[in-house]
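Naming convention: chains lettered A, B, ... in sequence-line order (proteins, then strands); numbering from 1 in each chain. Only a predicted model underlies this, so the values are computations on that prediction, with no experimental measurement involved.
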Number of protein chains: 2
Amino acid sequence: MAQEKVALIGSGNWGSAIAKIIGKNALECPEFDNEVRMWVFEEIVNDRKLTEIINTDHENVKYLPGIKLPESIVAVPDLLECVKDATTLIFVVPHQFLNGICKTLLGNIRPDAKAISLIKGLDASSTGLRLFSQAIAESLNIEVSVLSGANIANEVAEGYFCETTIGSNRSEDGEVFYKLFNTPTFRVTVVDDVAGVEICGALKNIVAVGAGIIDGLKLGENTKAAIMRIGLMEMKQFACTFWTGVREETFYESCGVADLITTCAGGRNRKVSEAHVITGKSFDELEREMLNGQKLQGTLAAHEVHEYLKAKNMTEEFPLFTGIYQIVYENAAPSTIVEGHGRKLPNRL
Amino acid sequence: MAQEKVALIGSGNWGSAIAKIIGKNALECPEFDNEVRMWVFEEIVNDRKLTEIINTDHENVKYLPGIKLPESIVAVPDLLECVKDATTLIFVVPHQFLNGICKTLLGNIRPDAKAISLIKGLDASSTGLRLFSQAIAESLNIEVSVLSGANIANEVAEGYFCETTIGSNRSEDGEVFYKLFNTPTFRVTVVDDVAGVEICGALKNIVAVGAGIIDGLKLGENTKAAIMRIGLMEMKQFACTFWTGVREETFYESCGVADLITTCAGGRNRKVSEAHVITGKSFDELEREMLNGQKLQGTLAAHEVHEYLKAKNMTEEFPLFTGIYQIVYENAAPSTIVEGHGRKLPNRL
């Protein structure tokens, strides 16, 4: 049997945590080649090349300090050298780099390669919304699975028990990815619903903005749980309305309810939104003060989703997403977040 | 059209919070008689009868101080006077009193009365497990709906936005209960799944014990979310295995995911379990120290569920419930909670 040869495209915080997992599985599992190449955008850290540090000290001192990587992980500064002969490509890069990476890869990967995307977000353009798995699949004409779950990178790297979800349209790909990613403390469930899994990861941060607003208003645990639940239902409704083949059960998986719980408990989207309510400062101002000017994913996603819904004249069918958009971008009072969720009639009778 | 006459059987913290809601709806909604009788177990508070205080000051100073009740609420110390001519009975009493109450009511209520139970827990006996809605229905030969949700009583009484779920097997009952309970800040969803709704309320505290153990172990947000998710799935599996007509979607409602989030964020079950891990003291000892000797609902439910599963030789199919039982009652190490949740194969392929 030919071995699977894995290329990890990305080496940030999450990519490095994943390197620890797949590097170990590649060594232990005969289906995989022992070497996993990891593409590292070369930088100089303490007068040494980052690739050299990783390959000699087996630690990504810049993005995941304190965690040893398996010796199977080989840092490679050249993207094409990284993917050469690879049968399995793992995309875990900031989404703004994806387009350029795909252009470089086009024509330079095995035509039968399979991919899995760990990228969070939505590919929004004037023509609409696209999943990053779709973007990769369309650019490279390969099959793309996705992985998403309640997976704060540093906690995964420490080996604390958690779960994750892989969405895969081809069962043979799902089986390979299960073997590559599953460990006793990183429990994989495979579902045949790529869009559902990926949309959870893309939309959860909108709900976290909502959760932060509730925290800022000090409305208590009932209200926060209600907003999280309504948010989960709008995520499900959004996915089921605009993509085909989405399964309702996917939202019970780690990518759905669990990731939402984790994201609404901590995290920057929740925190900055809470500060917005307490201080009255704009999100722009708070991003400068609290995030060194970095933009929140949740407010960006709220904007992208709102534009999409507006174009389809469907904003009223998503009252929470719309309410959060209005608070962030139209100066609506934070307390308006709990309005508009009524149902005129008992809804299953 | 004959008006619905409502009797509220119970006047504790949750019963009084509910009195505020239904008392207002009874006044505003023409379907209901303006008077709602509330059964109050008579006590003397500050040298006055509690019923007299409620009926003159419109406040349950003992169980919900600081909240005004609508003038429609009439406290009645005699149970049979409370339910006389009532078409709608609301049960919101501690479960240990239910059996005696039903014995008193038998033959003294309208035969066409409908009921709704807000009682939490399971009716465990040597013959097995029964829902309290089933216990009421069998005792009194009436139709019984249930209400359960992410509803911390004091937050509901303050009027903070939240949601709740009513399970009702007859659509005409569901419509009446919707009108009686729904308000702009207490949003009701009606589902035709009595067992699913009630089982959520009965089992959530087991999962909260698990969440507290994770907090005590300081395993972080990923692990806590994973345990909550696995707990929700075991709640669903338990309900679907042992009751008929349970709907998978019920667990997405406020009674399911939202109540679980609220219960695992705060609450005594979580807190005492966290203290067990940190201090190493037994649950008995902590109940004496932290709860004045009151027993936790979560550990009790874990015991009842375990006995039931053991009798059916099915403990292995519920690894989280079983693991929590072993930690509480068999001195298993708290860290064992994250063991046993593996799946041998990708599970939907």
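Minimum interatomic distance between B:Glu163 and A:Arg229 (heavy atoms only, all atoms of both residues): OE1-NE, 2.6 Å. Across all non-hydrogen atoms, the minimal contact from A:Ala225 to B:Ala258 is CB-O, 3.3 Å.
Of the atoms belonging to B:Leu219, heavy atoms from both backbone and side chain fall under 4.5 Å from chain A. For B:Lys236, the part lying under 4.5 angstrom from a heavy atom of chain A is the side chain only. Proximity to chain B is limited to the side chain of A:Leu232, based on heavy atoms less than 4.5 angstrom apart. Of the atoms belonging to B:Phe177, not a single heavy atom falls under 4.5 Å from chain A.
In terms of heavy-atom pairs under 4.5 angstrom with chain A, the leader among B:Gly266, B:Gly220, B:Gly149 is B:Gly220. Top candidate by heavy-atom pairs under 4.5 Å with chain B, chosen from A:Val257, A:Asp193, A:Leu217, A:Ile152, is A:Ile152. Ranked by heavy-atom pairs under 4.5 Å with chain A, the first of B:Val156, B:Asn222, B:Ile261 is B:Asn222. Interface check for chain A: of the options B:Lys179, B:Glu248, B:Glu158, B:Met233, the most heavy-atom pairs under 4.5 Å are formed by B:Met233.
For A:Glu221 (side chain) and B:Ala265 (main-chain N/O), no donor-acceptor pair under 3.5 Å exists by modelled atom type. Side chain of B:Tyr252 to backbone of A:Tyr252: a donor-acceptor contact under 3.5 angstrom is found. Between the B:Thr223 side chain and the A:Phe161 main chain, a donor and an acceptor come within less than 3.5 Å of each other.
Legend: residues meeting side-chain hydrogen bond (donor to acceptor under 3.5 Å, both in side chains) with A:Lys218, ordered by chain and number and at least two apart, are absent.
In this structure, the side chains of A:Val338 and B:Thr185 stay at 4.5 Å or more apart for every pair of heavy atoms.
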